[in-house]
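The structure appears right after this line, and notes come after that.
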Amino acid sequence: MPHGGPQMSWSAWTWLWNPWPFAARGYAVLLPDPALSTGYGQRMQERGRGQYGGQPYRDLIALTDTALARDDLDATRTGLAGWSYGGYLANRAATLTDRFKAIVSHAGMGNLEAFQIDTDMHAYFRKIFGAPRTQRDRHEANSPHFHSAKVTTPILIVHGGKDHRGPVGQALSLHSDLQRLGVPVSFLHFPDEGHAIAAPNHIRIMYETVLSFLDHHVLGQELRRPAML
């Protein structure tokens, strides 16, 4: 479950994307710190600089493999979920592997070209990736939308309509693209929320929807519509 911005501490309690609701449901939860994460020095960040879907993805898979070496975990029943950068990494993983039974992408990026133009941090991302029209290599190597035809894993997209960091167009284009390709995809949209889901009733809806989605695709249970929807 990659968090928002790889530079996020897991030391604090958060209502959004807290691991405990998943653990309470019976899931073992891995909270990875891949390349780009702070807390391990500048070299750890530089390992992933400019290649968001490269070394961080390889770290994520290596950490997953290490966790699944435990005897008490079932390697055939795994899911991946992420928010913000973690949502992007979930989208990227969907184009690179089919090992996960289900993927949840919240406030993630699917098209890095359009994202750089629309985000409120456009100068920051231009510094990392360069101009989309003239410096194509990093965009083509890291943007999930170039490889969406490779996606087969069921995906649940969660996004706020007032998200200025990762504008909702990222979710809309990903959703329509996966629908066109015949990939099982669902979209949970909160029109009045921003980059993070903040209203308590919305957080409850999000957890119920995500857990129902994972229960269905990872555990093979009947898909249940949350009562609040």
Side-chain angles (χ1 to χ4, degrees), residues 1-8 32-65 80-100 103-153 155 157 159 163-183 185 195:
M1 184 189 292
H3 209 281
Q7 297 123 13
M8 175 64 73
D33 275 334
L36 291 176
S37 298
T38 59
Y40 306 99
Q42 185 66 23
R43 183 175 176 275
M44 184 66 168
Q45 295 186 56
E46 293 299 332
R47 287 176 67 240
R49 182 75 66 185
Q51 45 143 350
Y52 275 22
Q55 191 58 52
Y57 167 77
R58 292 188 288 273
D59 286 356
L60 169 67
I61 295 301
L63 290 162
T64 300
D65 288 338
L80 175 65
W83 167 59
S84 191
Y85 170 79
Y88 158 78
L89 195 56
N91 293 337
R92 178 61 172 155
T95 70
L96 295 172
T97 182
D98 61 358
R99 67 179 296 166
F100 299 106
I103 288 177
V104 181
S105 170
H106 175 199
M109 304 98 81
N111 184 330
L112 293 183
E113 294 180 300
F115 168 75
Q116 189 182 124
I117 297 170
D118 294 339
T119 180
D120 60 357
M121 291 183 65
H122 53 85
Y124 170 78
F125 287 100
R126 181 174 292 259
K127 181 178 180 181
I128 293 175
F129 286 100
R133 295 177 182 174
T134 58
Q135 294 169 285
R136 305 282 306 162
D137 54 335
R138 285 186 175 179
H139 293 86
E140 293 181 0
N142 290 275
S143 188
H145 83 286
F146 282 114
H147 311 282
S148 56
K150 300 176 183 178
V151 179
T152 59
T153 305
I155 294 181
I157 301 169
H159 221 100
D163 188 345
H164 301 299
R165 183 62 39 83
V168 69
Q170 293 288 309
L172 293 170
S173 60
L174 176 63
H175 181 253
S176 62
D177 207 20
L178 295 180
Q179 276 193 324
R180 176 181 59 84
L181 293 166
V183 178
V185 58
H195 194 52

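Counting from 1, the numbers follow the sequence of the chain as shown. Note that the structure is a prediction, hence the values are computed from the model and not measured.
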Compare every heavy atom of Gly48 with every heavy atom of Pro56, then report the nearest pair and how far apart it is. CD-CA, 4.1 Å
Interatomic distance, CZ@Phe100 vs OG1@Thr64, rounded to 0.5 Å, equals 4.5 Å
Sorted by chain and number, sequence neighbours left out, salt bridge (charged side-chain N to carboxylate O under 4.0 Å, His left out) with Asp59 holds for Arg47
Take the angle between the ring planes of His106 and Trp83 and call it parallel below 30°, perpendicular above 60°, tilted in between. tilted
Which value, rounded to the nearest 0.5 Å, describes the distance between Ile117 atom CD1 and Leu112 atom CG? 11.5 Å
Residues forming a ring pair (Phe, Tyr, Trp, His ring centres under 6.0 Å) with His139, sequence neighbours excluded: Phe129
Show the numbers, then the answer: is there a side-chain contact (heavy atoms from CB on, under 4.5 Å) between Tyr57 and Thr97? CA-CA 10 Å; Tyr57 167 77; Thr97 182; 3.5 Å; yes
For the CE atom of Met109 and the OH atom of Tyr85, what is their distance to the nearest 0.5 Å? 8.0 Å
What closest approach, in Å, do Asn91 and Ser105 show between heavy atoms, and which atom pair accounts for it? OD1-OG, 2.9 Å
What residues form a side chain to side chain contact (heavy atoms under 4.5 Å, CB included) with Ala131, not counting sequence neighbours? Arg126, Thr134, Gln135
Looking only at heavy atoms, the pair that brings Ala93 and Leu80 closest together is CB-CD2, 3.6 Å
For residues Ser37 and Pro34, report the shortest heavy-atom separation together with the two atoms involved. OG-O, 2.7 Å
Drop me the distance from Asp33's CG to Leu63's CG, to the nearest 0.5 angstrom. 8.5 Å
Who pairs with Thr119 by side-chain hydrogen bond (donor to acceptor under 3.5 Å, both in side chains), at least two apart in sequence or on another chain? none
Look only at the side chain of Gln116 and the backbone of Gly130, and say whether a donor-acceptor pair between them is shorter than 3.5 Å. yes
May I have all residue pairs that pass salt bridge (charged side-chain N to carboxylate O under 4.0 Å, His left out) and include part of residues 111-125, sequence neighbours excluded? Glu113-Arg136, Asp120-Arg165
Between CD of Glu46 and CZ of Arg49, what distance do you get to the nearest 0.5 Å? 5.0 Å
Using a 3.5 Å distance criterion without hydrogens, assess whether the side chain of Ser143 forms a donor-acceptor pair with backbone atoms of Glu140. no
Once side chain to side chain contact (heavy atoms under 4.5 Å, CB included) is applied, do any residues pair with Ile157, and if so which ones, sequence neighbours excluded? Ile155, Ala171, Leu174, His175, Val185, Phe187
Starting at OH of Tyr52, measure out to CG of Leu89 and round the result to the nearest 0.5 Å. 11.5 Å
Leu178 and Ser148 have their tightest heavy-atom pair at CD2-O, 4.4 Å
Any pair with a residue in residues 89-100 that passes salt bridge (charged side-chain N to carboxylate O under 4.0 Å, His left out), sequence neighbours left out, goes on the list, sorted by first then second residue, please. Asp65-Arg99
Considering residues at least two apart in sequence or located in another chain, which fulfil the side-chain hydrogen bond (donor to acceptor under 3.5 Å, both in side chains) criterion with Arg180? Asp177
In terms of heavy-atom contacts, Gly110 and Pro144 come closest through O-CD, 3.4 Å
Using the side chain to side chain contact (heavy atoms under 4.5 Å, CB included) criterion, which residues pair with Gln51? Sequence neighbours excluded. Gln55, Arg58, Asn142
Quick one: list whatever passes ring pair (Phe, Tyr, Trp, His ring centres under 6.0 Å) with Phe115, sequence neighbours left out. Phe125
Without swapping roles, check the side chain of Tyr88 against the backbone of Gly53 for a donor-acceptor pair under 3.5 Å. yes
